[in-house]
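Here is the structure we will look at, set down as structure tokens.
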Amino acid sequence: MNVFSSVILAVQMLAALGMIGLILMQHGKGADMGASFGSGSSGSLFGASGSANFLSRSTAALATVFFVATLALAYLGNARPVSSGSVLEGAPVSAPAPAAAVPPATTGDAAVPPAAPAEGAAQIPTK
């Protein structure tokens, strides 16, 4: 599975680089205006309008390959082994720490309860 995703990633990168190259080779909309006044693009390798059709169709084909490779990588990236339960079921269970046993302070026969923590203004230390 890992080799398969590496191959798809390589195909996606090559398609992206090919698209970049083909897009940079294409003429913009304003380039056709100069050709109509005789700038001479009819002497090119593909003819007057042949290069536009070839480059645009090649770009469309590479874009299709790129999107298919992207979808395949997304599918492979989300494929996980099916577990039989919740993530929390596999968590280690730790026993709670026992509370420290404090012997009650006795003054005679009456037991004195432990002092409650101070709240509010009683928490401010005094000098």
Side-chain angles (χ1 to χ4, degrees):
M1 187 70 115
N2 193 13
V3 174
F4 187 60
S5 62
S6 297
V7 169
I8 293 176
L9 184 63
V11 167
Q12 184 186 28
M13 288 180 156
L14 290 174
L17 291 174
M19 276 195 317
I20 291 170
L22 286 174
I23 289 170
L24 290 176
M25 286 174 36
Q26 292 180 17
H27 294 290
K29 295 280 184 186
D32 294 335
M33 178 84 86
S36 64
F37 291 113
S39 74
S41 72
S42 62
S44 66
L45 179 64
F46 299 108
S49 64
S51 65
N53 289 337
F54 174 75
L55 291 177
S56 63
R57 288 183 184 180
S58 299
T59 304
L62 282 178
T64 304
V65 170
F66 179 80
F67 285 126
V68 168
T70 301
L71 290 174
L73 285 174
Y75 177 76
L76 291 175
N78 286 333
R80 297 180 187 158
V82 178
S83 64
S84 61
S86 172
V87 175
L88 296 176
E89 291 175 3
V93 178
S94 61
V102 178
T106 59
T107 57
D109 291 339
V112 177
E119 294 181 8
Q123 291 180 346
I124 300 173
T126 58
K127 291 185 181 181

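Under the 4.5 Å side-chain heavy-atom criterion for Ile, Leu, Val, Met, Phe, Trp and Tyr, Phe67 and Leu22 are members of the same hydrophobic cluster. Residue Phe54 is grouped with residue Met25 when hydrophobic side chains (ILVMFWY) are merged at heavy-atom distances under 4.5 angstrom, including chains of intermediate members. Cluster annotation: Val7 is not connected to Met13 through the hydrophobic network of ILVMFWY side chains, with a link wherever side-chain heavy atoms come within less than 4.5 Å.
Interatomic distance, Phe66 CZ to Thr59 OG1, rounded to the nearest 0.5 Å: 13.5 Å. Rounding to the nearest 0.5 Å gives a distance of 9.5 Å between CG of Leu14 and CG of Leu9.
Ser58 is linked by a side chain to side chain donor-acceptor pair (under 3.5 Å) to nothing, counting only residues two or more places apart in sequence or in another chain. Here Ile8 pairs with Phe4, Ala69, Ala72, Leu73, Leu76 under the side-chain contact (heavy atoms from CB on, under 4.5 Å) rule; sequence neighbours left out.
Among residue pairs with one or both ends in residues 64-77, those qualifying as side-chain hydrogen bond (donor to acceptor under 3.5 Å, both in side chains) are Gln12-Thr70; sequence neighbours excluded.
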